[in-house]
Enquirer: 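Have a look at this one before I ask anything.
Remember, predicted model here, so these are calculated numbers, not experimental data. All ligand and atom numbering here is 1-based and tracks the order in the structure.
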Amino acid sequence: MKIGIVCYPTFGGSGVVATELGKALADNGHQVHFITYSRPARLDFFSENLFYHEVAVSNYPLFEYAPYEVALSSKMVDVVRFEKLDILHVHYAIPHASAAFMAKQILATFGINIPVVTTLHGTDITLVGRDVTYKPVVTFSINQSDGVTAVSEDLKKATYNHFDIVKDIRVIPNFIDLQRFRLTPKDHFKKAIAPMGERILVHTSNFRKVKRTKDVVLIFKKIIEKIPAKLLMVGDGPERVHCEQLCRDLGICEHIRFLGKQDAVEEILSVSDLFMMPSESESFGLAALEAMACKVPVISSNTGGLPELNVNGQTGFMSNVGDIEDMANNAIYILENDNRLHQFKENALNRAKQFDLSLILPHYVNYYAEIIEASARV
Ligand code: GMT
């Protein structure tokens, strides 16, 4: 198949899923064309089946807001026409699904019927998409897509609850490449972080409000009152400065390292004992899956799609959003006993194996074939 993938090229979860999916499809002999405004972060090598088409937006002085969506639609039209794509797969509804709709209409004038699959990732539905600013366009463009997927049952339910959707939504969960995300010995690094053998806790995110990163610091404060531990905060975003200030206010900076954006997250996870994800909303929780693949159990909230990943009492624990006390107690319960921690780590890896790339990829490939066939019949 010749597949066009449209996504955000940044460190966000939707961009990571889109890029890893494209790479895996290319490895399996499909031709994949990425259409984005800059090179996706994880697309840093050459492959004969991978192509990258950059969307350039004119900065003509008249524009206070450059019309990215128009440039994106135009690029989609060109790539579909001249690379003879079979299908377009857009990740994150805003503005990719509506740009795809526009491209589809234009392509029809050339006698080309291009099937469009939209994958809903989370905040495009639960946060941003629900805002009145975008809702009519999001609803319309989801309904106009030939196929729609969501990354969890919960996100599918939320989409039907909050939008007037007439389309069937197929749930295809996030996946993990267990060749890359696996526990590798990093003893020198572990010793540098925790010289006295302290437990190592980790949080990775884009430090947006929805991640409740300050909760991570507050939970950690309670943990170190009982157990010697260190905290690694990975990633960057608007909430980071507030977290740093909170650490100063609480007088616990010496136990916490802010590492900023990192490429080799799996190396950091390899030295970690416990992952914290106290999010306000989380459609799936890819970062938690990455941790579990590296044998790191998860303390999370019980929101969104997290119960579909984190098995309470086995791979970690879940608490109500904002219940810092409960999350800290659960963390201490796991960390205070070596055998118990070992068991949780084994369970985390076993659960992650159920989301192995090789198991999830065929769901996308079969879905593309289904949608291409159905759209040829119209
Ligand atoms: O986590 C983020 O804020 C980034 C966001 C994105 O769309 O880039 O991630 C969402 O998509 C991921 C991949 O499908 C999911 O694993 C994340 O749970 C989801 N984030 C939220 O729902 C907050």
Enquirer: I'd like to know if Arg182 pairs up with Glu266 as an ion pair, taking the criterion as any Lys NZ or Arg NE/NH1/NH2 lying under 4.0 Å from an Asp or Glu carboxylate oxygen.
Expert: no
Enquirer: Is Asp273 salt-bridged to Lys345, going by a charged N under 4.0 Å from an acidic O?
Expert: yes
Enquirer: Could you tell me whether Asn206 approaches ligand 1 through its side chain, its backbone, both or neither, with non-hydrogen atoms closer than 4.0 Å?
Expert: side chain
Enquirer: Hey, would you say the His96 and His91 ring centroids sit under 6.0 Å apart?
Expert: no
Enquirer: Regarding atom 10 (C) of ligand 1: of the candidates Met277, His121, Arg208, which has the closest heavy atom?
Expert: His121
Enquirer: Distance check, rounded to the nearest 0.5 Å: Thr118 atom OG1 versus Ile169 atom CD1?
Expert: 10.5 Å
Enquirer: Salt bridge check, Lys295 against Glu346: does any charged N sit closer than 4.0 Å to a carboxylate O?
Expert: yes
Enquirer: Measure the distance from atom 16 (O) of ligand 1 to every protein heavy atom, then report the residue, atom name and distance (to 0.1 Å) of the closest one.
Expert: Asn174 OD1, 2.7 Å
Enquirer: Check this for me - ligand 1, Phe284, N or O atoms closer than 3.5 angstrom, yes or no?
Expert: yes
Enquirer: Is the shortest side-chain N to carboxylate O distance from Glu153 to Lys157 below 4.0 Å?
Expert: no
Enquirer: How far is atom 6 (C) of ligand 1 from its nearest protein heavy atom, and which residue and atom is that?
Expert: Ser14 N, 3.3 Å
Enquirer: Quick one: look at Leu286 and ligand 1, take heavy-atom pairs under 4.0 Å, and tell me if it's side chain, backbone, both or neither.
Expert: both
Enquirer: Counting heavy atoms only, which of Gly122, Ala93, Gly13, Ser283 comes nearest to atom 19 (C) of ligand 1?
Expert: Ser283
Enquirer: Cationic tip of Arg340 within the cone over Tyr333's six-membered ring, i.e. under 6.0 Å and within 45° of the normal?
Expert: yes
Enquirer: With respect to Ser319, which candidate in Asp326, Asn312, Asn329 satisfies the side-chain hydrogen bond (donor to acceptor under 3.5 Å, both in side chains) definition?
Expert: Asp326
Enquirer: Counting from 1, what ligand 1 atoms have a heavy atom of Val151 closer than 4.0 Å?
Expert: 14 (O)
Enquirer: State if Lys211 counts as touching ligand 1 under the rule of any non-hydrogen atom under 4.0 Å.
Expert: yes
Enquirer: Have a look at ligand 1 and work out which part of Tyr92, if any, has a heavy atom under 4.0 Å from it: side chain, backbone, both or neither.
Expert: side chain
Enquirer: State plainly whether the residues Glu370 and Arg170 are in salt-bridge range, i.e. N to O under 4.0 Å.
Expert: yes
Enquirer: If the cut-off is 4.0 Å to any non-hydrogen atom of Thr123, which atoms of ligand 1 fall inside it?
Expert: 23 (C)
Enquirer: Can you name the atoms of ligand 1, numbered from 1 with element, that are less than 4.0 Å from a heavy atom of Ser281?
Expert: 23 (C)
Enquirer: Measure the distance from atom 21 (C) of ligand 1 to every protein heavy atom, then report the residue, atom name and distance (to 0.1 Å) of the closest one.
Expert: Glu282 OE2, 3.5 Å
